[in-house]
Asks: 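Take a look at the following structure, please.
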Number of protein chains: 2
Amino acid sequence: MGESSQATGKAHLIARLRGAGLRPTRQRVELTGLLFEGGDRHLTAEMLHEEAAQAGIRVSLATIYNTLHQLTDAGLLRQVTVDAARSYFDTNIGEHQHFYLEDEGTLIDIPGAEIAVAGVPNAPSGTRVERVDVVVRLRRD
Amino acid sequence: MGESSQATGKAHLIARLRGAGLRPTRQRVELTGLLFEGGDRHLTAEMLHEEAAQAGIRVSLATIYNTLHQLTDAGLLRQVTVDAARSYFDTNIGEHQHFYLEDEGTLIDIPGAEIAVAGVPNAPSGTRVERVDVVVRLRRD
DNA sequence: TCAATAGTTTGGAATTATTCTAATGAAAAT
DNA sequence: ATTTTCATTAGAATAATTCCAAACTATTGA
Ligand SMILES: [Mn+2]
Ligand SMILES: [Mn+2]
Ligand SMILES: [Zn+2]
Ligand SMILES: [Zn+2]
């Protein structure tokens with residue numbers, strides 16, 4: 001086992017990308033590594049770009065956006081809209097909701113089992129519910 | 001009663017603006033007229049600008065943004081973030097939630113009495129809950 | 001193994017919502 | 001009526017995101 005546990009998942013990452021119908025390019029493998037190694041994360045395109053640079057990975061911002069959208073379309077990421085200024089991508093695709101710290105721009109998961117929404121009226125005819133999002137907005141006190 | 005019921009509220013609008021600490025300028029009076037005469041509405045800056053133009057009111061987009069933010073800060077409007085591409089302003093400031101028709105970009109109110117969120121964990125220390133937003137995202141089926 | 005093909009990356013330009021600026025205009029105060 | 005304070009505006013500036021066309025790379029299948 002010459003490789004650190006960080007690199008352990010490389011084959012898995014490639015399988016993941018293939019499963020999503022995406023070619024496992026150098027960029028995609030490295031980005032999915034950053035995204036999925038290390039637990040649940042909420043990050044913007046800019047944040048991921050920065051993190052990649054930090055890790056010595058050279059990827060264009062266009063590729064960051066492409067990859068985030070492709071992974072989202074494949075169901076491996078979820079896009080979270082809480083701030084008009086920027087989009088967050090969530091590596092946790094399980095059922096859960098969010099605290100949003102408006103002062104920080106930080107998202108915190110609320111496990112889906114803990115929170116419940118009751119009394120949602122029937123969806124207007126011709127439509128179906130795609131998702132129910134709850135955002136608990138927080139402010140420093 | 002020479003004036004149509006549309007114009008009836010002019011004095012009221014002026015009082016409303018004064019109450020918010022805003023000078024009742026021609027533009028603000030006309031914009032608040034469009035906003036608050038005619039029930040609950042959800043609209044973007046661009047939509048309001050267009051509507052003003054339609055009504056023969058000449059207002060710059062900068063003033064539209066200024067006014068929407070001032071009214072929001074004064075608590076007469078509420079900003080709704082459901083789409084990364086644009087900001088909606090809601091003339092209904094009562095407690096309620098929303099359906100969001102993603103295909104149309106349309107918001108529909110869900111009365112606050114009908115819907116309930118249970119099981120929200122305590123806010124992290126140092127923070128307080130400012131608001132709990134529920135968005136039921138709909139898709140054409 | 002090696003083209004041929006289809007899909008990917010990239011720098012930089014373009015787009016779009018929103019904000020900023022500095023000059024001009026209007027409301028409130030004196 | 002004058003002065004002072006606040007508001008409006010055109011257009012420039014910002015910032016997130018998307019688009020583009022050229023250069024690259026993974027995959028295919030001879
Ligand atoms: Mn997209
Ligand atoms: Mn603002
Ligand atoms: Zn999350
Ligand atoms: Zn509403």
Side-chain angles (χ1 to χ4, degrees), chain A residues 10-11 13-34 42-53 56-74 76-77 79-89 105 107, chain B residues 10-11 13-34 42-53 56-74 76-77 79-89 105 107:
Chain A
K10 198 168 175 194
L13 294 173
I14 291 175
R16 206 132 47 166
L17 287 167
R18 283 235 167 74
L22 299 169
R23 289 186 182 174
T25 63
R26 197 202 85 223
Q27 292 85 337
R28 282 177 182 153
V29 172
E30 287 172 324
L31 290 178
T32 56
L34 290 177
H42 305 95
L43 64 189
T44 64
E46 208 55 73
M47 287 164 69
L48 181 57
H49 191 226
E50 180 55 34
E51 195 166 306
I57 303 167
R58 199 152 65 287
V59 197
S60 73
L61 195 51
T63 294
I64 299 272
Y65 276 105
N66 288 340
T67 302
L68 287 172
H69 285 137
Q70 289 153 354
L71 293 175
T72 299
D73 292 348
L76 298 177
L77 282 180
Q79 197 165 359
V80 180
T81 303
V82 287
D83 186 322
R86 56 182 155 272
S87 264
Y88 289 86
F89 291 85
L107 282 163
Chain B
K10 197 169 175 190
L13 293 173
I14 291 176
R16 196 123 67 154
L17 287 167
R18 283 237 166 73
L22 299 170
R23 290 185 183 175
T25 63
R26 196 203 86 224
Q27 292 84 339
R28 282 177 182 155
V29 173
E30 288 173 322
L31 290 178
T32 55
L34 290 177
H42 304 96
L43 64 191
T44 64
E46 208 56 71
M47 287 164 70
L48 181 56
H49 192 228
E50 179 56 34
E51 195 167 307
I57 302 168
R58 200 155 63 288
V59 197
S60 72
L61 195 50
T63 294
I64 298 274
Y65 276 104
N66 288 341
T67 302
L68 287 173
H69 284 138
Q70 290 151 353
L71 293 175
T72 300
D73 292 346
L76 298 176
L77 282 181
Q79 197 164 357
V80 180
T81 302
V82 287
D83 187 321
R86 56 183 155 270
S87 263
Y88 289 85
F89 291 85
L107 283 163

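Residue numbers start from 1 in every chain, and the chains themselves are labelled A, B, ... in the order their sequence lines are given, proteins ahead of strands. What you see below is based on every heavy atom in this structure, not just the backbone, and it leaves out hydrogens, waters and symmetry mates.
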Asks: Hey, does the side chain of B/Tyr88 reach the backbone of B/Ala45 with a donor-acceptor pair shorter than 3.5 angstrom?
Replies: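 Judged by distance alone, no pair lies under 3.5 Å.
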Asks: Are B/Ser87 and C/dA17 close enough that a side-chain N or O sits under 4.0 Å from OP1 or OP2?
Replies: no
Asks: So, using side-chain hydrogen bond (donor to acceptor under 3.5 Å, both in side chains) as the criterion, who are the partners of B/Glu51 when residues are at least two apart?
Replies: B/Arg41
Asks: Indicate whether OP1 or OP2 belonging to C/dT19 is found under 4.0 Å from a side-chain N or O atom of B/Tyr65.
Replies: no
Asks: Among the nucleotides C/dT10, D/dT8, C/dA17, which one has an atom lying closest to any side-chain atom of B/Thr63?
Replies: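 The nucleotide sitting nearest to the side chain is D/dT8.
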Asks: Between C1' on D/dA7 and CZ on B/Arg58, what's the gap in Å once rounded to a whole number?
Replies: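 Those two atoms, CZ and C1', are 16 Å apart.
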Asks: Pick base, sugar-phosphate or nothing for B/Thr44, based on heavy-atom distances below 4.0 Å to the nucleic acid.
Replies: nothing
Asks: Need one value for B/Ala85: base, sugar-phosphate or nothing, where a base atom within 4.0 Å counts as base even if backbone is also close, heavy atoms only.
Replies: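 Sugar-phosphate, no base atom in range.
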Asks: Atom NE2 of A/His49 and atom C1' of D/dT17: how far apart are they, to the nearest Å?
Replies: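 Nearest whole value for this atom pair: 13 Å.
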Asks: Could you pull out all residues at least two apart from B/Arg26 that satisfy salt bridge (Lys or Arg N to Asp or Glu O under 4.0 Å)?
Replies: B/Glu30
Asks: Is the distance from OP1 or OP2 of C/dT9 to the nearest side-chain N or O of A/Arg28 less than 4.0 Å?
Replies: yes
Asks: So does A/Val29 get a backbone contact from the side chain of A/Thr32, meaning a donor-acceptor N/O pair under 3.5 Å?
Replies: yes
Asks: Of all residues at least two apart in sequence or in a different chain, which pass the ring pair (Phe, Tyr, Trp, His ring centres under 6.0 Å) check with A/His49?
Replies: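 Expected list: none.
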Asks: Return the value, rounded to whole Å, for the distance between atom CZ of A/Arg86 and atom C1' of C/dT18.
Replies: 14 Å
Asks: Quickly work out the B/Asp73 CG to D/dA7 P distance and round it to whole Å.
Replies: 13 Å
Asks: Take atom OH of B/Tyr88 and atom C1' of C/dA17, then tell me their distance rounded to the nearest Å.
Replies: 13 Å
Asks: Check the phosphate of C/dT10 against A/Gln27, side-chain N and O only, distance under 4.0 Å to OP1 or OP2. Yes or no?
Replies: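 Result: yes.
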Asks: Does the protein touch nucleotides 20-29 of chain C at the base, only the backbone, or not at all? Give it as B, S and - per nucleotide, heavy atoms under 4.0 Å.
Replies: B------BS-
Asks: Starting from P on D/dT18, measure out to CD on A/Glu46 and report it in whole angstrom.
Replies: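 A/Glu46 atom CD is separated from D/dT18 atom P by 13 Å.
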Asks: Out of C/dT18, C/dT8, C/dT10, which has the shortest distance to the side chain of B/Leu61?
Replies: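 Selected nucleotide (nearest to the side chain): C/dT18.
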Asks: Between atom CG in A/Leu48 and atom P in D/dT17, what is the gap in whole Å?
Replies: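 Spelled out: CG on A/Leu48 to P on D/dT17 is 12 Å.
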Asks: Check whether any side-chain nitrogen or oxygen of B/His69 sits under 4.0 Å from OP1 or OP2 of C/dT19, and answer yes or no.
Replies: yes
Asks: For residues 15-24 of chain B, dump all side-chain donor-acceptor pairs below 3.5 Å to protein atoms at least two apart in sequence or in another chain.
Replies:
none

Asks: Listed by chain and number, what are the side-chain hydrogen bond (donor to acceptor under 3.5 Å, both in side chains) partners of B/Ser60, not counting sequence neighbours?
Replies: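 Scan of B/Ser60 (side-chain hydrogen bond (donor to acceptor under 3.5 Å, both in side chains), adjacent residues dropped) gives B/Thr63.
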Asks: Just how far, in rounded Å, is P of D/dT18 from CG of A/Asn66?
Replies: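 Value for this atom pair: 9 Å.
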